[in-house]
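Each chain gets a letter, A, B and so on, in the order the sequences are listed, and its residues count up from 1. Bear in mind that the values here come from a model prediction, so they are computed numbers and not experimental data.
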Amino acid sequence: MDTGNHHIRVRFAPSPTGYLHVGGLRTALFNYLFARKGGGKFILRIEDTDQKRSIPDALENLISTLTRAGLQHDEGPDVGGEYGPYIQSQRVEIYQEHIRKLLDAGHAYYCFCDEERLEKLRDEQRKRKRPPMYDGRCRNLSKEDVADKLARGVPFVIRLRYPQEGKTVFDDIVRNRVAIDNSQVDDQVLIKSDGFPTYHFASVVDDHLMKISHVIRGEEWLSSVPKHIFLYKAFGWEVPVFVHLPLLLNTDRSKLSKRQGDVSVESYLEKGYLTEALLNFIALLGWHSADDREIYSLQELEEVFSLERINKAGAVFDMEKLNWMGGYYIRHLDVPYIADQARRFFEEAGIDISDTEKYLKVIATARDYVSCLSMIVEHARMFYDTLTVSEEDKELLEKEDSQRIIAYWVEALGRREKWTPDDVSALVKKAIGELGVKGKGFYFPLRLALFGNCHGPDIPTLIDILGREESVERLTRAMQLER
RNA sequence: GGUCCCAUCGUCUAGCGGUUAGGACGCUGGCCUCUCACGCCGGAAACCGGGGUUCAAUUCCCCGUGGGACUACCA
């Protein structure tokens, strides 16, 4: 099969309907990776031919999300390129010009059937358990008839005159050979009554005009490929290579949808899932290398990605694994980078992180507990906020042993300015020996006083983060609990 | 209903005729440790069913079953 390695041009062509779907991100990612791997171009085209569904700020949002994720396009509405415009609503003259040719050649025809009739028709067909398709009433209208209706201003659409005999066989990188009977293919509407093209028409015209070499998109388009191929041939154009990606699925194995969880990329980004993790996770949904490796940076993916290793079966979007991978990246990337990424979450929570040295230590510790950055605040705020003491905690702190331990530490910490974690470790050993209390009995009250929780990091880490002064202050406060 | 696509642990997957069917998430036992988390080591867990082809099928073919997609003047 010719994968046309020479002039690779691929596109991601979303509709601006509000947000970027994770399935869309996966499609974009695979397009992007294939382009980068093959030294080709990655194009962003906006398919906004449905006036009803387009949302005002969606375009800007889409571009910023894609860019934030690191999938920078080479051509598109914002960056331009020699095959623009890249927004379909700005290309209506082009479609009009092309539909003319189809009409003249007899590959398309005017249809004056109104929606009411079509709906009734489909209902009847469904009732008779027949596939709902256009019955061809306007297929063979006389020239005069058409001219007359047009002159009278009767609303119309333009349909594809699709052959009713034979079958269409085509190749797909993922599916191999696919065959579909032409009798199953409808006379697709190409131009709607508002003059805008449908997806099928616009995408074929644009893919050709934009010299797209490989059409990489979701599997939901597989069964409409015959229509597309027919159009390419009707125009005498070269057919691109098709690559239909397996669907992303809900846990119940239906096509991934909101309703059953978060599907917008923005919402994951807002929660503070690192783009590195999100991309890595999504790359593994339907693609896998030959070995056991699963951790890849975007750059590494660019090097190893190949269309041939894309799977056929749909893949369930597993939050558990995303959470693991999210945490993995937060734990393995550089602390300063994570700290920088997490900054806005602290600012939103109103926590003062101007002490950078402390902030970095907090991040280094708290990151062990989270899978996304928004969670990190909850594991870090006890290093900043005044601790709240519950009744149960108070009971433990008020015990005689607890008070002895705390008093010991206040006194001990007061003896010296500087305390390294090693110094504190030594003091822990010494205190245990001198106080005659050990284990949980020793650690829990201390950790509770310093950190507000019996469970958490070890004492040297806690004191290292808080500093001597704050530590003494917190311990002292624990000795002065109200009765 | 019709057409098309798909089918290895619960999930993501490796496998491309001969393997103790491998890895990851999750689950679980242990180690580390005062605790939690992290980390490390181990365990349970899968070839949808039936026919072929073959000396040999998870792997190739057919049928069945199951799941999904499409079936709009939405993409």
A.B. asks: Can you check the Ile282(A) CD1 to C12(B) P distance for me, whole Å?
C.D. replies: 15 Å
A.B. asks: Please give, in whole Å, the distance from C4(B) C1' to Phe242(A) CZ?
C.D. replies: 15 Å
A.B. asks: For residues 359-372 of chain A, which residues have at least one heavy atom under 4.0 Å from RNA chain B?
C.D. replies: Asp368(A), Tyr369(A)
A.B. asks: With a 4.0 Å cut-off on heavy atoms, is Gly314(A) in touch with a base, just the backbone sugar-phosphate, or nothing at all?
C.D. replies: sugar-phosphate
A.B. asks: Can you give one letter per nucleotide of nucleotides 20-26 of chain B, 5' to 3': B if a protein heavy atom sits under 4.0 Å from the base, S if only from the sugar-phosphate, - if neither?
C.D. replies: --BBBSS
A.B. asks: I need the CD1-P distance between Ile432(A) and U33(B), as an integer number of Å.
C.D. replies: 13 Å
A.B. asks: Please encode protein proximity along nucleotides 59-75 of chain B as a string of B, S and -, counting only heavy-atom distances under 4.0 Å.
C.D. replies: ---------SSSSSBBB
A.B. asks: Can you measure Lys440(A) atom NZ to C36(B) atom C1' for me and round it to whole angstrom units?
C.D. replies: 11 Å
A.B. asks: Measuring only between side-chain heavy atoms, which start at C-beta, is Leu413(A) closer than 4.5 Å to Ser471(A)?
C.D. replies: yes
A.B. asks: Which whole-number value in Å describes the distance from Asp458(A) CG to C36(B) P?
C.D. replies: 13 Å
A.B. asks: Given atom CG of Asn453(A) and atom P of A37(B), what is their separation to the nearest angstrom?
C.D. replies: 12 Å
A.B. asks: In terms of the nearest nucleotide of RNA chain B, which residue is placed more toward the 5' end: Arg177(A) or Thr251(A)?
C.D. replies: Arg177(A)
A.B. asks: Taking the nucleotide of RNA chain B with the nearest heavy atom to each, does Gly456(A) or Asp181(A) sit closer to the 5' end?
C.D. replies: Asp181(A)
A.B. asks: Roughly how many Å is it from CZ in Arg175(A) to C1' in A7(B), rounded to a whole number?
C.D. replies: 12 Å
A.B. asks: Side chain of Arg447(A), base of C34(B): donor and acceptor closer than 3.5 Å?
C.D. replies: yes
